[in-house]
Every structure is written in C-alpha cells, then in structure tokens.
Protein chains: 2
Amino acid sequence: MIDQHTWDLYDRQADVLKALAHPIRVAIVHMLQDGERCVCQIIPEIDCDRTNISKHLAIMTRAGVLRSRKDGLKVYYSLRTPCVANFLSCAASTLKNKAAEDAKALARI
Amino acid sequence: MIDQHTWDLYDRQADVLKALAHPIRVAIVHMLQDGERCVCQIIPEIDCDRTNISKHLAIMTRAGVLRSRKDGLKVYYSLRTPCVANFLSCAASTLKNKAAEDAKALARI
DNA sequence: CAAGTATGTGAGTGTATGCTCACATAATCT
DNA sequence: AGATTATGTGAGCATACACTCACATACTTG
C-alpha cells in the first residue's frame, strides 16, 4: 500500500504533467526550447484568443514549468527545468513505437 | 504560424502527456519501472475501485504508454517506452527547483 | 459444464478544464 | 495627465474526465 506522503508526491508530479498536457501548452514549450520568448512573440505563432494564451502561461508558471521575467511592458517566459523539453521527444517516440507495434500486430492477422 | 500538421503532432503528444497526468497513473508508471506487473499486483498497492484501475490502464494503453500481455487469467502490463519513467524524475526536479526559487524570492522580501 | 477468478465495459453523475467576453493593471509615450 | 500598448483576471458556459455501479467476457478448475 502506498502511504499518504507518497500520494502527495504523485499528486504534485501529476500536476506538473497536467501543466504540459494540452496541445497549446506543448506548442509553447516547443517554442521555449530555443530560449525565452515574450507573450507578444508567442501570440502570433498560436492562432487563438490572447487571453487564453495568458491562462495557459499562468497554468504552467503555477506548476513550476515556466519562469517569467518582466522587462518594461513585456513579460518574458522561459523553461524553468530544461528536462521538460525531453517530454516532447519521448512522447513522439512513444507514438512512433506504438504505431510500429500496431502495424506489426495488423500484419500478423 | 503553426501549420495543421504540426498541430496534429502537438495534439498527439499532449494525449501521451494526458495519459500520465493523473496521480493513480503516475503511481502505476512508478510501479512498472521495475518491470511488468499483472493487474492483480497493481490493485492491492493502489487503494481504489478495481474497475477504476482497469480504466486508467486502458487510457495509458490506448495512448501508447503501456503494453499488455495476457497469460491465462492474468493480464500483465509494462511500459512500452522506458523514457516515460524519466518524466517522473524530471517532474520531481521541477517541483524542487520551483520550491527553491520561491524560497529565494521570499527571502529577498 | 458449472462455478470461480481475473479483468473489461457502458451508463450515469459530479467535478474539473478550456474558452470567451468584459474588465483590470501596469509600463510607456506624447 | 491622458492615450496607447502589453499582459493578467473573474464570471459564465460548454465540454471532457474521473468515479462508481451493474453487467459482460474470458480463462481455469473441479
């Protein structure tokens, strides 16, 4: 049986993962892989309501995935922990792997 | 502007992350780090409804995170892509990192 | 083949999440 | 100071998700 303290940890780890589990947030993390960007650079790349992006940035910041820095009118966001970028490539290889196994399974039929 | 094909990729990457973004599923991935387990081994570790665990396993399998293998009455689950285990340690260091920065920010006040 | 064991599924309900709109704040510029 | 630009926030609605219960399937064993 998993004890309460361990569940708390799993809860918070899940929160970090939740913070990345949305296509728009994946896109933002992808953009930030090459360094910090201000909101005004992120908005034109992602075709959706401005305030929506603000909220996605807030979610990731609250979860500890992003860090923000204000410079004049602009707010710059960056990845707080670079390892989160690996999530994306691992997710990609998971998809590839599954596609390959599914194809093999079909071939067997 | 991000094109449609790239959004499709982000969508599917987000699906993989969603498949891990739940405390129970984090716990299961944690268990499977040391190798495959049958459902009957997972259930007693996690104190919740049996059918609920079935559904969480189905979600992760559909997303390509887990693989299942039937042996007699039992079904054994394992990680399809070992790199997903890194998610947990990266999530943990994200939490640690954020805590450290928050503490530093408080100290500055 | 009947009973038992291990696991999966569909329907219904409650809660959480995402999105948009109107409004708020904060720094800059004239 | 007043106007403008960049960003954030709260309320309300729509959708998605997690959970439970009753039921279904599939293999095994007497």
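Below, chain A is the first sequence line, B the second, and so on; all start at residue 1.
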Checklist entry - Rounding to a whole Å, what distance do you find between A:D49:CG and D:dT7:P? => result 14 Å

Item to check | Listed nucleotide nearest any side-chain atom of A:N52, set C:dC19, D:dT7, C:dT7 | outcome: C:dC19

Item to check | Pair B:R12 + B:D15, salt bridge at N-O below 4.0 Å | outcome: no

Checklist outcome for this item: In whole angstroms, the gap separating C1' of C:dA16 from NE2 of B:H22 amounts to 11 Å

Checklist entry - With sugar-phosphate meaning primed atoms plus P, OP1 and OP2, does A:Y76 contact a base, only sugar-phosphate, or nothing at under 4.0 Å between heavy atoms? => result nothing

Checklist entry - In whole Å, what is the span from the NZ atom of A:K70 to the P atom of D:dT5? => result 17 Å

Checklist outcome for this item: Side-chain contact check for A:I59: nearest option of C:dG18, D:dT7, D:dA18 is C:dG18

Checklist entry - So which one's nearest nucleotide on DNA chain D is more toward 5', B:K55 or B:R50? => result B:K55

Item to check | A:M60 CE to C:dT17 C1', straight-line distance once rounded to whole Å | outcome: 15 Å

Checklist outcome for this item: Side-chain atoms of A:V39 come closest, of D:dG8, D:dC19, D:dA22, to D:dG8

Next on the checklist: Please classify the nucleic acid contact of B:I43 as base, sugar-phosphate, or nothing, using heavy-atom distances under 4.0 Å.
Outcome noted: nothing

Checklist entry - With a cut-off of 6.0 Å (strictly less than), are more than 12 heavy atoms of other residues, nucleotides or ligands near CG of A:D3? => result yes

Checklist entry - Which class fits the ring pair A:F87 and B:F87: parallel under 30°, tilted 30 to 60°, perpendicular over 60°? => result parallel

Next on the checklist: What is the separation between atom CD1 on A:I42 and atom C1' on D:dA6, rounded to the nearest whole Å?
Outcome noted: 13 Å

Next on the checklist: Is it the case that over 12 heavy atoms from other parts of the model lie below 6.0 angstrom from the CG atom of A:D34?
Outcome noted: yes

Checklist entry - How would you label the contact of B:L57 with the nucleic acid (heavy atoms, under 4.0 Å): base, sugar-phosphate, or nothing? => result nothing

Item to check | Candidate nucleotides D:dT9, D:dA6, C:dT7, ranked by approach to the side chain of A:S54 - the nearest | outcome: D:dT9

Checklist entry - Taking atom P of C:dA6 as reference, at what distance in whole Å does atom CG of B:L73 sit? => result 7 Å

Next on the checklist: Nearest to the side chain of B:T51, heavy atoms from C-beta on, is which of C:dT7, C:dT9, D:dA6?
Outcome noted: C:dT9

Checklist entry - Does the side chain of B:H56 get closer than 4.0 angstrom to OP1 or OP2 of D:dC17 through an N or O atom? => result no

Item to check | Atom pair CG/CG of A:L66 and A:L32 - distance to nearest 0.5 Å | outcome: 6.0 Å

Next on the checklist: Nearest heavy atom decides the nucleotide; on that basis, is A:A21 or A:G72 closer to the 5' end of DNA chain C?
Outcome noted: A:A21

Checklist entry - Roughly how many Å is it from CZ in A:R62 to P in C:dT17, rounded to a whole number? => result 10 Å

Item to check | Whole-Å distance separating the NZ atom of B:K18 from the P atom of D:dA16 | outcome: 9 Å

